[in-house]
Novice: 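I am attaching a structure below and will ask some questions about it afterwards.
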Amino acid sequence: MYDINDIMKVLPHRYPMLLVEKILELEPNVRAVGLKNVSNNDPYLVGHFPNDPIFPGVLMVEAMAQVAGFLSLVSLKKEGTIAFFSSVEKAKFRKVVRPGDTLIMEANVSKIKLPFCKMSCTAKVEDKLVCEADLMFYLPK
């Protein structure tokens with residue numbers, strides 16, 4: 001398992017945009033599983049929405065991308081560089097995520113052909129699918 005300090009050695013993201021708290025499982029070049037606890041104190045919930053806070057769908061995609069980025073950077077031994085988003089395909093949002101929920105994101109490598117890497121990603125809360133998407137990254141040399 002990788003904690004937040006390990007994650008910050010690999011990903012350049014920082015508060016409030018670092019959306020992965022732990023990497024629970026990692027199989028280089030195959031898959032990674034990460035965790036984010038959604039808190040009522042998360043700054044983006046203040047305005048989304050004031051009387052009915054909901055974790056934004058776009059941030060679910062970003063959280064999945066960070067798990068996928070961690071997987072690709074560790075697999076390719078490019079820790080500390082930036083994996084740039086190059087596409088988001090087949091994004092679907094299945095359920096609402098609220099404060100108190102724990103997001104479990106899984107990224108599976110679909111294809112690596114440098115400088116690009118494609119991943120199939122899901123996010124679940126209590127084993128229920130809340131979001132899925134195919135993500136592609138550009139990894140600079």
Novice: Run the side chain to side chain donor-acceptor pair (under 3.5 Å) test against Thr102 and tell me which residues pass, sequence neighbours left out.
Specialist: Asn37

Novice: Ignoring hydrogens, what is the shortest heavy-atom contact between Leu24 and Met1? Give both atom names and the distance.
Specialist: CD2-SD, 3.8 Å

Novice: Please give me the minimum heavy-atom distance between Asp3 and Asn5, naming the atom from each residue.
Specialist: OD1-N, 3.0 Å

Novice: Grab the two heavy atoms, one from Asn40 and one from Leu45, that are nearest each other, plus how far apart they are.
Specialist: CA-CD1, 4.2 Å

Novice: Give the table of side-chain donor-acceptor pairs shorter than 3.5 Å for residues 47-68, with sequence neighbours excluded, one pair per line with atom names and distance.
Specialist:
| from | atom 1 | to | atom 2 | distance (Å) |
| --- | --- | --- | --- | --- |
| His48 | ND1 | Ile54 | O | 2.7 |
| Asp52 | OD1 | Arg98 | NH1 | 2.5 |
| Glu62 | OE2 | His13 | NE2 | 3.4 |
| Glu62 | OE2 | Gln66 | NE2 | 2.8 |
| Gln66 | OE1 | Leu19 | N | 2.7 |
| Gln66 | NE2 | Met17 | O | 2.7 |

Novice: Would a hydrophobic clustering, with Ile, Leu, Val, Met, Phe, Trp and Tyr connected at side-chain separations under 4.5 Å, put Met136 with Leu11?
Specialist: no

Novice: Are Leu103 and Ile7 linked, directly or through other ILVMFWY residues, by side chains that come within less than 4.5 angstrom of each other?
Specialist: yes

Novice: Closer than 3.5 angstrom, by distance alone: can the side chain of Arg94 be matched with the main-chain N or O of Lys128 as a donor-acceptor pair?
Specialist: no

Novice: Using side chain to side chain contact (heavy atoms under 4.5 Å, CB included), reason through Leu26 and Phe70 one step at a time and then give a plain yes or no.
Specialist: CA-CA 9 Å; Leu26 178 70; Phe70 187 91; 4.1 Å; yes

Novice: Is any side-chain heavy atom of Leu73 closer than 4.5 Å to one of Thr81?
Specialist: yes

Novice: Ring pair (Phe, Tyr, Trp, His ring centres under 6.0 Å) with Phe85: which residues, sequence neighbours excluded?
Specialist: Phe137

Novice: Do the side chains of Val38 and Tyr15 join up, straight or via other hydrophobic residues, at under 4.5 Å, putting them in one cluster?
Specialist: no

Novice: Say whether Ile23 and Val74 are linked into one hydrophobic cluster, either directly or through other cluster members, by side-chain heavy-atom distances under 4.5 angstrom.
Specialist: yes

Novice: Tell me the ring-ring contact (aromatic ring centres under 6.0 Å, His included) pairs involving residues 87-122, sequence neighbours left out?
Specialist: Phe116-Tyr138

Novice: Identify whether Met105 and Met8 are in the same connected component of the hydrophobic contact network (ILVMFWY, side-chain heavy atoms under 4.5 Å).
Specialist: yes

Novice: Which atoms form the tightest heavy-atom contact between Ile4 and Val20, and what is the distance?
Specialist: CD1-O, 3.3 Å

Novice: Quick check on Lys22: does its NZ atom have over 12 non-hydrogen neighbours (other residues, nucleotides or ligands) under 6.0 Å away?
Specialist: no

Novice: Any idea which heavy atoms bring Lys95 and Leu129 closest together, and the distance?
Specialist: CG-O, 3.9 Å

Novice: Between SG of Cys117 and CD1 of Ile112, what distance do you get to the nearest 0.5 Å?
Specialist: 4.0 Å

Novice: Measure the shortest side-chain to side-chain distance between Pro99 and Ser39 over non-hydrogen atoms and say whether it is less than 4.5 angstrom.
Specialist: no

Novice: For Leu135 and Ser87, what are the C-alpha separation, side-chain angles and deciding distance, and is it a side chain to side chain contact (heavy atoms under 4.5 Å, CB included)?
Specialist: CA-CA 6 Å; Leu135 309 177; Ser87 73; over 6 Å; no

Novice: If you compare all heavy atoms of Pro12 against all heavy atoms of Ile82, which two are closest, and at what distance to 0.1 Å?
Specialist: CG-CG1, 3.6 Å

Novice: Heavy atoms, side chains only, cut-off 4.5 Å: are Ser72 and Met119 in contact?
Specialist: yes

Novice: By salt bridge (charged side-chain N to carboxylate O under 4.0 Å, His left out), which residues pair with Glu126, not counting sequence neighbours?
Specialist: none

Novice: Pairs of donor and acceptor atoms involving the side chains of residues 29-36, under 3.5 Å and at least two apart or interchain, shall be tabulated with distances.
Specialist:
| from | atom 1 | to | atom 2 | distance (Å) |
| --- | --- | --- | --- | --- |
| Arg31 | NE | Glu106 | OE2 | 3.2 |
| Arg31 | NH1 | Glu25 | OE1 | 2.7 |
| Arg31 | NH1 | Glu27 | OE2 | 3.1 |
| Arg31 | NH2 | Glu25 | OE1 | 3.2 |
| Lys36 | NZ | Asp42 | OD2 | 3.3 |

Novice: Hey, is the main chain of Cys131 close enough, under 3.5 Å, to the side chain of Lys124 for a donor-acceptor pair?
Specialist: no

